[in-house]
> 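Handing you a structure now.
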Amino acid sequence: METESEPYVRLATLRQLHQVMADMNTARSLADTLQTVADGVVNGLGYELACVNLVRPDGDLVVAAFAGNPAAEALITGRVGSRESWDRRLNMGEHWGDLVFIPHTEGWVLDDDDVPQWYTEGPAPRFEDEWHPADRLFAPMYTPGVHGGACGELIGVLSVDRPRNGRLPGAWGREALQMYAFQAAIAISNARLRANMQRALVRLERDQQALRASEESFRQAFEYAPSGMAIAEMGGDQHGRILRTNDALCRLLGRPASAMRRYSFSDLVHPEDIGTLLRTSAEGGRAELRLARRDGTYVWVSLRNSVVADAADGPRFLLTHVEDIEERKRRELQLAHRASHDSLTGLPNSAELRSRLSARLCKRQAHGGALESTDAAYGHPAVFDANGHGFDFPGSAALDAYDHHVHTVAPEESERDDGTKGLAVLFCDLDGFKSINDRFGHNAGDAVLIEVARRLTRGVRDGDTVARLGGDEFVILADGLGRADAQDLAVRLRNEIIQPIRAEGRAVRVGASFGIGWAHCGMTADEVLKSADERMYVEKRSRPKQHRRVG
C-alpha cells in the first residue's frame with residue numbers, strides 16, 4: 001500500500017534513473033558502457049550488488065561487469081556460464097513482467113550449475129516480503145523491437161542481489177528495474193555499434209575494397225571516427241580539393257567544415273612537405289607531414305590515403321585518415337637533439353660537429369688526386385681534379401651533381417688578404433679552467449662552461465656552428481670568412497670570454513686560446529679539426545704564461 005511519502009521516493013528514483021541513463025549513453029566504449037550499467041543498478045536503483053552477463057558470439061554468457069563488492073568483482077568477472085544454464089534460470093521461478101525472480105525455496109536446485117554467482121550474507125528473513133540471501137532476481141536485456149518493445153534477441157542479463165531496504169521490490173521497484181534493463185539494452189547496442197564502426201575504419205585502411213560498404217554504414221564510420229577524416233576529389237581540374245571533413249579533423253586544424261571545403265591538402269601542407277604530400281596522394285600510401293592550423297601554427301600528422309573507386313568509373317575519391325602525431329614527433333625531436341647535442345651546454349656535440357663538417361667536404365680519390373662529392377638528392381658522384389674543376393666519367397652522360405656542391409677552398413697563406421673566403425674552423429681551449437674546478441668544485445666549472453657556450457653563441461652569426469668538442473674545448477664553424485675576418489672573430493670571442501663570470505656566488509675568470517684552421521675539399525673532418533687544434537696549441541705556447549692565466 002502506498003504511503004504519503006512514496007511519490008517523493010518515486011521522484012527521487014526517477015531523478016537517479018535519469019542520471020544513470022545519461023551516464024550510460026555518454027560512455028566512451030563498450031567496456032565503459034557495461035560498467036556504467038552495473039554501477040547504475042547500485043547507485044540508481046538501490047541494490048547492493050549488480051552483475052552484467054553479456055551474451056558472447058557462441059551463445060554463452062560472460063560476466064562483463066560487476067558493481068558493489070570488489071572482492072566479488074575480482075572473483076567472478078570474466079567467468080562464463082553456459083546458455084543452457086541461463087535458459088533454465090530464465091524459464092523458472094516467478095515472472096514479474098520481463099523480470100525473473102527465483103526465491104530461495106526454489107533456487108537450491110541451481111547451486112550446482114555453471115553460472116557464476118555471489119551471495120550477500122545476512123540473516124534469514126523475518127517477514128514475508130523480506131529479501132533472503134539466496135533469493136535471485138534477473139532482468140533480461142533484449143535488443144529493441146521494431147516498435148520499441150523488448151522483443152528482439154537476448155543480448156545479456158542483469159542479475160541483482162539484495163535491495164538496500166532489505167525488502168523484495170514492490171510494483172514500482174520492479175517497473176523501474178525493467179525500464180532500466182530496457183534502456184541498458186539500448187545503450188549496449190549503441191556501444192556495440194560504435195565499436196563496430198571503429199573496427200570498420202581499420203578494415204577500410206587495410207583493404208580498399210571495404211569502401212564498397214553501404215553509404216549509411218560508411219557515413220557513420222566517417223562522422224564518428226575519433227581521428228581526422230577527409231574525402232577529396234581525385235583526377236580532373238579539381239584534383240585534391242577537399243569535399244568533406246569530419247569533426248575530429250576540423251577540431252585538429254581549428255577550421256570549420258565550410259572553410260575546409262575551400263582548400264585542398266596542398267593548400268594546408270607546410271611548404272617543405274609539399275613534395276611528400278604529392279607523392280603520397282599519387283601512390284595512395286601514407287606520409288608524415290605538417291598541416292597548417294587556423295592560427296598559423298603547424299601540427300605534425302600522419303596521413304594514410306585510400307583510393308575510393310566504383311565499378312563503372314574507376315578511382316573517384318581519395319579517403320584520407322589524419323592522425324595527430326605532434327606529441328610523438330616532439331619526443332623524436334627531443335631524442336634526436338639529445339643524441340646530437342651536449343647535455344650541459346645544449347651545443348652540438350662532437351658527433352654532430354663532425355657530421356656538419358663532413359657534409360661540406362668532398363672526398364679525395366686515390367687516382368691522380370681527383371676529388372669526389374656525392375649529392376644526396378641525386379646519388380651522382382661529382383669528380384673534381386686537384387684544382388677543383390669537375391669532369392665526366394669516360395663514356396657516361398654529363399653529371400650535374402657537382403653543380404649542387406659548393407667546392408670548399410681555403411684562403412691562401414700569405415700576409416696579404418687575397419679576398420678568398422673559406423670555411424674557418426676556430427678551435428677554442430679555455431685557459432685556467434682546471435683551477436676553477438679544483439678550487440670551487442665541478443658545479444662552478446659547469447656554470448663557467450654554460451656561460452662560455454652562451455657567449456660564443458652570442459658572438460657568432462646566424463648560420464655559424466658553435467659546438468662543444470668535450471671538456472673545456474669548443475669549436476666554431478664559420479663559413480664565408482677571409483683570414484683577417486677569422487682573426488677578428490677570434491679576438492672578439494676571446495674578449496667576450498675573459499669577462500668575469502658568476503659561478504657559485506663568486507666572480508671567476510677564464511682565458512681562451514684560439515687556433516684557426518681552414519676546411520677544404522680533400523680533407524676529412526678529423527684532419528680539419530686536428531689542424532685547428534695544432535694551431536691552437538701553437539698560439540697558446542706563443543703567448544706569455546701569465547697572459548694565459550685567469551685574471
> Is there side-chain contact between Pro348 and His341, with heavy atoms separated by less than 4.5 Å?
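The answer is yes, as the side chains (C-beta and beyond) meet within the 4.5 Å cut-off.
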> Could I get the full list of side chain to side chain contact (heavy atoms under 4.5 Å, CB included) partners for Asp247, not counting sequence neighbours?
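Side chain to side chain contact (heavy atoms under 4.5 Å, CB included) check on Asp247 returns Arg251.
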> Would you call Arg88-Glu84 a salt bridge at under 4.0 Å N-O?
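So Arg88 does not pair with Glu84 through a salt bridge.
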> Verify side chain to side chain contact (heavy atoms under 4.5 Å, CB included) between Val52 and Leu158, making sure each step is shown before the conclusion.
CA-CA 5 Å; Val52 179; Leu158 286 176; 3.6 Å; yes
> Flag this pair as yes if the NZ/CZ of Arg255 is under 6.0 angstrom from the six-membered ring centre of Tyr263 and inside a 45 degree cone about the axis; otherwise no.
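Positive - Arg255 is close enough to the ring of Tyr263 and near enough to its axis.
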> Any side-chain to backbone donor/acceptor pair from Arg304 onto Arg286? Under 3.5 Å, distance only.
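Side chain of Arg304 to backbone of Arg286: no pair is present.
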> Charged N to carboxylate O under 4.0 angstrom, Arg56 versus Asp58?
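Asp58 and Arg56: salt-bridged.
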> Please check if the side chain of Ser189 supplies one atom and the backbone of Ala185 the other of a donor-acceptor pair under 3.5 Å.
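A pair under 3.5 Å: yes.
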> I'd like to know if the side chain of Asp342 and the backbone of Asn349 have a donor-acceptor N/O pair within less than 3.5 Å.
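Answer holds: no.
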> Report yes if the side chains of Asn305 and Leu319 come closer than 4.5 Å at any heavy-atom pair, otherwise no.
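No; the side chains remain at least 4.5 Å from each other.
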> Table please: side-chain donor-acceptor pairs of residues 441-448 below 3.5 Å, with sequence neighbours left out.
none

> Any side-chain to backbone donor/acceptor pair from Glu130 onto Leu168? Under 3.5 Å, distance only.
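Not confirmed, Glu130 side chain does not pair with Leu168 backbone.
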> Can you check salt bridge (Lys or Arg N to Asp or Glu O under 4.0 Å) on Arg330 and Glu326, steps first, answer last?
CA-CA 6 Å; Arg330 185 185 63 81; Glu326 182 73 19; over 6 Å; no
> For the side chain of Asn196 and the backbone of Arg192, is there at least one donor-acceptor N/O pair under 3.5 Å apart?
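Yes, the answer is positive, given that a donor and an acceptor are paired below the 3.5 Å cut-off.
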> Please work out whether the ring planes of Trp86 and Phe138 are parallel, tilted or perpendicular, with thresholds of 30° and 60°.
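The arrangement is perpendicular - the two ring planes meet at more than 60°.
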> Are the side chain of Asp129 and the backbone of Arg167 linked by a donor-acceptor contact shorter than 3.5 Å?
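Not confirmed, Asp129 side chain does not pair with Arg167 backbone.
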> Could you check whether any side-chain N or O of Asp267 sits under 3.5 Å from a backbone N or O of Ser264, counting only pairs where one atom can act as donor and the other as acceptor?
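It does hold such a pair.
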> Less than 4.0 Å between a side-chain N and a carboxylate O, is that true for Glu288 and Lys329?
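Salt bridge: yes.
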> Does Arg290 offer a backbone N or O that forms a donor-acceptor pair with the side chain of Asp273 under 3.5 Å?
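Confirmed, Asp273 side chain pairs with Arg290 backbone.
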> Evaluate the side-chain proximity of Arg468 to Val475: yes if any heavy-atom separation is below 4.5 Å, no if none is.
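No. Closest side-chain heavy atoms not under 4.5 Å.
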